[in-house]
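First comes the structure, then the notes that go with it.
Computed from a prediction, not measured in an experiment: that's the story for all the values here.
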Amino acid sequence: MEKDRRILEVAAEAFYEKGFHGVGVDEIGRRAGLSGPAIYRHFGGKDEILATLLNEAMDELMSATVPVHGVPERDLDRALRHHAEFAVAHRHLVNLYQREVRSLADPWKRAFDRRRAQYTARWERLIAARFPGLPPMTVAAVTQACLGMVFSVSYWPARALGHGDVAGLLLELATSGLAAYDRAGKAPADGQRLSAARHAPSPRRSST
């Protein structure tokens with residue numbers, strides 16, 4: 001098990017640095033202190049290594065989408081907090097998920113695509129429960145906006161990561177954005193808020 005974990009760790013680093021197709025089994029073995037052929041005693045090849053890494057990440061992320069409080073606001077907050085902390089702590093893995101999921105080969109690709117669909121559906125249920133007035137298309141858009149913002153941290157430059165509490169910042173931005181739906185009571189129509197702001201009359205100064 002220690003060797004399996006070591007192989008997965010060095011493979012994640014190598015895939016992050018060079019991309020999945022830029023790394024061979026021999027290099028993974030060398031980084032792990034093993035010969036290339038020895039890798040095959042642990043994994044069927046780098047396709048299985050990539051699938052294992054992505055499924056481990058999905059296991060962790062899926063666990064946060066299960067409602068545990070029975071209160072939609074708290075369940076959504078839990079999911080957002082968990083995702084923000086995970087994304088900051090495992091930036092390389094999140095980056096790998098975003099860049100290399102298309103590199104998965106069958107049969108792992110079919111199984112992982114099903115898991116991703118389940119994961120997205122769980123997130124949409126969290127959003128729909130929290131904001132029951134939103135139409136399904138808006139729920140889907142809000143879900144992608146939340147996840148996109150949180151996972152964007154995997155591409156941040158080093159100077160941005162110097163912020164004291166990156167996970168807290170991500171959570172604050174996400175919850176502040178979602179709070180707009182509480183204030184409005186429902187999702188604003190596309191462009192409605194922007195249009196209203198553009199056409200609102202400018203305040204006139206008093207002549208006195």
Side-chain angles (χ1 to χ4, degrees), residues 1-25 27-29 31-32 39 42-68 75-127 140 142-158 160-161 165-171 173-174:
M1 291 300 293
E2 285 186 15
K3 288 184 179 179
D4 286 2
R5 178 49 47 193
R6 177 61 180 161
I7 291 168
L8 291 171
E9 289 174 354
V10 301
E13 292 174 359
F15 293 156
Y16 174 78
E17 293 169 8
K18 299 183 176 182
F20 176 75
H21 295 293
V23 179
V25 172
E27 180 174 350
I28 295 173
R31 290 187 182 217
I39 294 289
H42 301 270
F43 296 95
K46 69 174 190 173
D47 287 314
E48 185 178 0
I49 292 173
L50 177 62
T52 302
L53 286 168
L54 294 178
N55 275 301
E56 284 187 351
M58 185 58 74
D59 288 343
E60 184 74 16
L61 295 174
M62 287 273 274
S63 69
T65 63
V66 178
V68 296
D75 285 327
L76 180 56
D77 180 76
R78 170 180 176 266
L80 283 168
R81 186 178 302 277
H82 181 281
H83 277 60
E85 291 173 352
F86 180 88
V88 172
H90 303 282
R91 289 180 61 246
H92 289 185
L93 193 55
V94 171
N95 186 283
L96 184 67
Y97 171 85
Q98 292 185 304
R99 285 191 301 146
E100 301 295 353
V101 68
R102 64 185 180 276
S103 299
L104 272 179
D106 285 329
W108 299 284
K109 183 181 185 304
R110 289 195 300 272
F112 193 75
D113 284 348
R114 287 194 296 271
R115 295 198 74 194
R116 279 207 302 172
Q118 293 168 358
Y119 168 68
T120 301
R122 286 187 179 187
W123 256 99
E124 290 180 359
R125 284 196 291 271
L126 287 172
I127 297 291
V142 170
T143 294
Q144 294 303 316
C146 287
L147 294 178
M149 188 191 69
V150 169
F151 290 152
S152 73
V153 75
S154 67
Y155 292 100
W156 286 16
L161 295 169
D165 181 10
V166 173
L169 175 63
L170 289 170
L171 181 63
L173 291 172

> Can you tell me how far the CG atom of L76 sits from the SG atom of C146, to the nearest 0.5 Å?
Replying inline: 6.5 Å
> Checking T120 side chain against A117 main chain: does a donor-acceptor pair fall under 3.5 Å?
Replying inline: no
>> If I take atom CD from residue E85 and atom NE2 from residue H90, how far apart are they, to the nearest 0.5 angstrom?
In response: 10.0 Å
> Got a sec, which residues hit side-chain hydrogen bond (donor to acceptor under 3.5 Å, both in side chains) with D4, two or more places apart in sequence or on another chain?
Replying inline: H42
> Is the backbone N or O of T65 less than 3.5 Å from a side-chain atom of R125, with the two atoms forming a donor-acceptor pair by type?
Replying inline: no
> Once you round to the nearest 0.5 Å, how far does CG of L50 lie from OH of Y97?
Replying inline: 12.0 Å
>> Tell me the closest heavy-atom pair linking A160 and V166, and the distance in Å.
In response: O-CG2, 4.3 Å
>> Is the ring pair H82/F86 parallel, tilted or perpendicular, if the boundaries are 30 and 60 degrees?
In response: parallel
> Do the side chains of F15 and L93 get nearer than 4.5 Å, heavy atoms only?
Replying inline: no
>> Restricting to non-hydrogen atoms, name the atom on A84 and the atom on A167 that form the minimum distance, rounded to 0.1 Å.
In response: CB-O, 3.7 Å
>> Taking E27 first and then K46, would you say they form a salt bridge - that is, a charged N and a carboxylate O separated by under 4.0 Å?
In response: no
> If every non-hydrogen atom of F112 is compared with every non-hydrogen atom of L54, which pair is closest and at what distance?
Replying inline: CE1-O, 3.5 Å
>> Using 30° and 60° as the class boundaries, would you call the ring planes of H83 and Y119 parallel, tilted or perpendicular?
In response: parallel
>> If I compare all heavy atoms of S154 with all of Q98, which pair ends up nearest, and what's the gap?
In response: OG-OE1, 2.9 Å
> Which is it for R99 and Y155 under the side-chain contact (heavy atoms from CB on, under 4.5 Å) test, yes or no, and what are the steps along the way?
Replying inline: CA-CA 11 Å; R99 285 191 301 146; Y155 292 100; 3.1 Å; yes
> Under 4.5 Å between any side-chain heavy atoms of L8 and F43, yes or no?
Replying inline: yes
>> Within this structure, what is the CD1-CD1 distance for the pair I7 and I49, rounded to the nearest 0.5 Å?
In response: 6.0 Å
> What is the minimum heavy-atom distance between V66 and R78, and which atoms define it?
Replying inline: O-NH1, 3.1 Å
>> In the structure I gave you, are the side-chain heavy atoms of L169 and D165 within less than 4.5 Å of one another anywhere?
In response: no
>> Between R91 and V153 (side chain of the first, backbone of the second, donor and acceptor by atom type, cut-off under 3.5 Å), is there such a pair?
In response: yes
> Once the angle between the rings of Y16 and H92 is folded into 0 to 90°, is it parallel (under 30°), tilted (30 to 60°) or perpendicular (over 60°)?
Replying inline: parallel
> Is E2 salt-bridged to R6, cutoff N-O under 4.0 Å?
Replying inline: no
>> Let me confirm one number: the CZ-CG distance from F20 to L53, rounded to the nearest 0.5 Å.
In response: 10.0 Å
>> Quick check: do R116 and V101 have side-chain heavy atoms less than 4.5 Å from each other?
In response: yes
>> Using side-chain contact (heavy atoms from CB on, under 4.5 Å), reason through L161 and V88 one step at a time and then give a plain yes or no.
In response: CA-CA 9 Å; L161 295 169; V88 172; 5.9 Å; no
> Do D59 and R115 come close enough that some side-chain heavy atom pair is under 4.5 Å?
Replying inline: yes
> When rounded to the nearest 0.5 angstrom, what distance separates CD1 in I127 from CG in L147?
Replying inline: 8.0 Å
> If every non-hydrogen atom of A64 is compared with every non-hydrogen atom of A79, which pair is closest and at what distance?
Replying inline: O-CB, 3.5 Å
> Checking side chain to side chain contact (heavy atoms under 4.5 Å, CB included) against L126, which of L80, D75, D77 comes through?
Replying inline: D75
> Is there a side-chain contact between R31 and I28 (heavy atoms, below 4.5 Å)?
Replying inline: no
>> Using a strict threshold of under 4.0 Å (side-chain N to carboxylate O), is an ion pair present between K109 and D47?
In response: no
